[in-house]
Structure formats: structure tokens, C-alpha cells
Amino acid sequence: MKKLQFKVLKSYNAIITLLVSLLGFASSCDWIGIKAMYGTPTVDFIVKGKVESKSNQPIAGIKVEMSREYNSETGKVSVLIDSTASETSTGIYAVKTNDSPQDQTFKVKFTDIDGAANGEYETLDTTVVFQDAKYTGGDGHWYHGKTEKEVNVKLKPRK
């Protein structure tokens, strides 16, 4: 009798293990084209434009840095997000970050890094605010798309 009970329990154990395994595989598969989504919503924030002198001449060799301040336990922390240099002869630049789709404020700093090669210019700090931004190119899931702001700046010559 004990031997029979042991065989029955062993059989039930095998059946339950099989069913749980099948349930695990079934729940991990994409049966009807709906994929599981994990993460948080994101947007590409792009700041682009042209760096010019006061006389409307494009300036090359200007370092453009985009940063954001975060509040932490020790106070505000500024984090560099992206950095680029304006292109030769055109003065065109672009910096970007991927962040949450809420209203965002970024610090953008323009610094002359090539010395006297094409004139020396003062550093300029500016703030770019994305408020009620419209997003394009999202995938309908977590990626909402991108939004852009054009910021054209005129730098003063260094004295």
C-alpha cells in the first residue's frame, strides 16, 4: 500500500512539474504579437543650431556641452550629457540626450577651444527649456520619439 501511494505521489509530482513548466514557457512567448514592455518612457531631446560671431560669420572650433542638474541628498549635481564641437566653416552643432518625456531644462555651454586659430571668443552659458514639447517618430510603446530646439548663438570676441 505504501509503495502504491509513493508511486501515485511521484506521478502527481511529475504531472504538476510538467504543467508548471508548460505554463512558464507559454507565458513567456509572444502569441498574438503583443510584446512585454519593461522600462520607462523616453524621448530624444536634441539641441542644434549655428554658432556665429557678432558679424554673422560662422565660427568653427566651439565646444558645445549640454548638461542637466539633478537634486541629490548632498545638493544639486550637474551632469554632463553630451559634448560636440561646431563644424569647420559652417559653425553648425548638435547635442542630444535620451530622457523622460516630462518638461526638461538643460544647460548649454559654448566654449572656444581652438585658441586664436579663428579668433578668440567669450564663453556663453544658456538655458534651453523643453516645455509642452511635441514628439515625432515614436514607436507607440516606451519610446515617445524626438523633439528638437534650434538655438543659434552669437559669441562676443574675447578682449
Side-chain angles (χ1 to χ4, degrees), residues 20-159:
V20 169
S21 298
L22 290 175
L23 181 64
F25 282 119
S27 66
S28 68
C29 295
D30 180 14
W31 292 98
I32 55 173
I34 300 174
K35 296 186 179 187
M37 296 181 291
Y38 301 98
T40 58
T42 61
V43 173
D44 287 330
F45 291 96
I46 301 169
V47 178
K48 64 182 186 175
K50 193 171 190 179
V51 181
E52 297 180 324
S53 66
K54 290 290 184 181
S55 59
N56 296 329
Q57 296 300 314
I59 306 172
I62 302 297
K63 183 178 181 180
V64 183
E65 297 175 304
M66 185 161 112
S67 61
R68 179 150 181 249
E69 285 188 347
Y70 294 93
N71 290 322
S72 72
E73 293 175 9
T74 59
K76 287 191 176 185
V77 176
S78 183
V79 177
L80 177 65
I81 297 170
D82 194 11
S83 178
T84 188
S86 58
E87 293 181 14
T88 56
S89 75
T90 62
I92 294 174
Y93 75 92
V95 286
K96 98 177 199 180
T97 186
N98 185 277
D99 213 325
S100 65
Q102 63 195 18
D103 294 345
Q104 297 284 356
T105 301
F106 300 99
K107 304 284 186 190
V108 181
K109 183 178 183 177
F110 299 87
T111 309
D112 188 354
I113 58 170
D114 67 355
N118 60 356
E120 295 186 53
Y121 295 91
E122 291 183 5
T123 297
L124 174 68
D125 289 315
T126 187
T127 301
V128 178
V129 178
F130 288 89
Q131 192 166 6
D132 300 325
K134 305 290 184 246
Y135 310 124
T136 59
D139 65 4
H141 297 291
W142 290 109
Y143 178 65
H144 288 223
K146 68 178 182 176
T147 185
E148 299 178 355
K149 282 238 178 178
E150 187 167 328
V151 179
N152 297 318
V153 297
K154 295 190 183 290
L155 297 182
K156 296 178 187 176
R158 189 177 295 156
K159 296 177 183 178

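- Considering every non-hydrogen atom in both Gly119 and Asp112, the closest pair reads O-OD2, 3.0 Å.
- Within a 6.0 Å radius of NZ in Lys134, other residues, nucleotides and ligands contribute 12 heavy atoms or fewer.
- In terms of heavy atoms, Ser83 sits closest to Lys63 at OG-CE, 3.5 Å.
- Between the NZ atom in Lys156 and the CG atom in Leu124 there is a gap of 9.0 Å [rounded to 0.5 Å].
- Here the closest heavy-atom approach between residue Met66 and residue Val95 is recorded as SD-CG2, 3.6 Å.
- With rounding to the nearest 0.5 angstrom, the CD atom of Glu52 is 12.0 Å from the CD1 atom of Ile62.
- In terms of modelled atom types and a separation under 3.5 Å, the side chain of Tyr135 and the main chain of Pro101 share a donor-acceptor contact.
- Rounding to the nearest 0.5 Å places OG1 of Thr127 at 3.5 Å from NZ of Lys107.
- Between Phe45 and Gln102, the shortest heavy-atom distance links the atoms CZ-O, 3.9 Å.
- Counting only heavy atoms from C-beta outward, the side chains of Val151 and Val108 never approach each other to under 4.5 Å.
- Nearest heavy-atom pair, Glu150 versus Gly49, reported as atom, atom and distance to 0.1 Å: CG-CA, 4.2 Å.
- Partner Arg68 forms a side-chain hydrogen bond (donor to acceptor under 3.5 Å, both in side chains) with one of Thr97, Thr105, Asp99 and no other, that one being Asp99.
- In this structure, Lys48 places its NZ atom where only 12 or fewer heavy-atom neighbours from other residues, nucleotides or ligands lie under 6.0 Å away.
- Taking every heavy atom of both residues into account, Thr90 and Pro58 meet most closely at O-CB, 3.3 Å.
- Contacts of Lys149 classified as side chain to side chain contact (heavy atoms under 4.5 Å, CB included), with partners at least two apart in sequence or in another chain: Val128, Phe130.
- Inter-residue side-chain proximity for Thr123 and Lys109 is flagged as met; some heavy-atom pair is nearer than 4.5 Å.
- Just one residue in the list Val43, Asn98, Asp44 forms a side-chain contact (heavy atoms from CB on, under 4.5 Å) with Lys146, and that residue is Asp44.
- Scanning for ring-ring contact (aromatic ring centres under 6.0 Å, His included) contacts around Tyr93 gives Phe110, with sequence neighbours left out.
- Counting heavy atoms from C-beta on, the side chains of Thr42 and Trp142 never come closer than 4.5 Å.
- Note that the CD atom of Glu65 and the OG1 atom of Thr84 stand 10.5 Å from one another [nearest 0.5 Å].
- Atom NZ of Lys54 is separated from atom CD1 of Ile59 by 10.0 Å, given to the nearest 0.5 angstrom.
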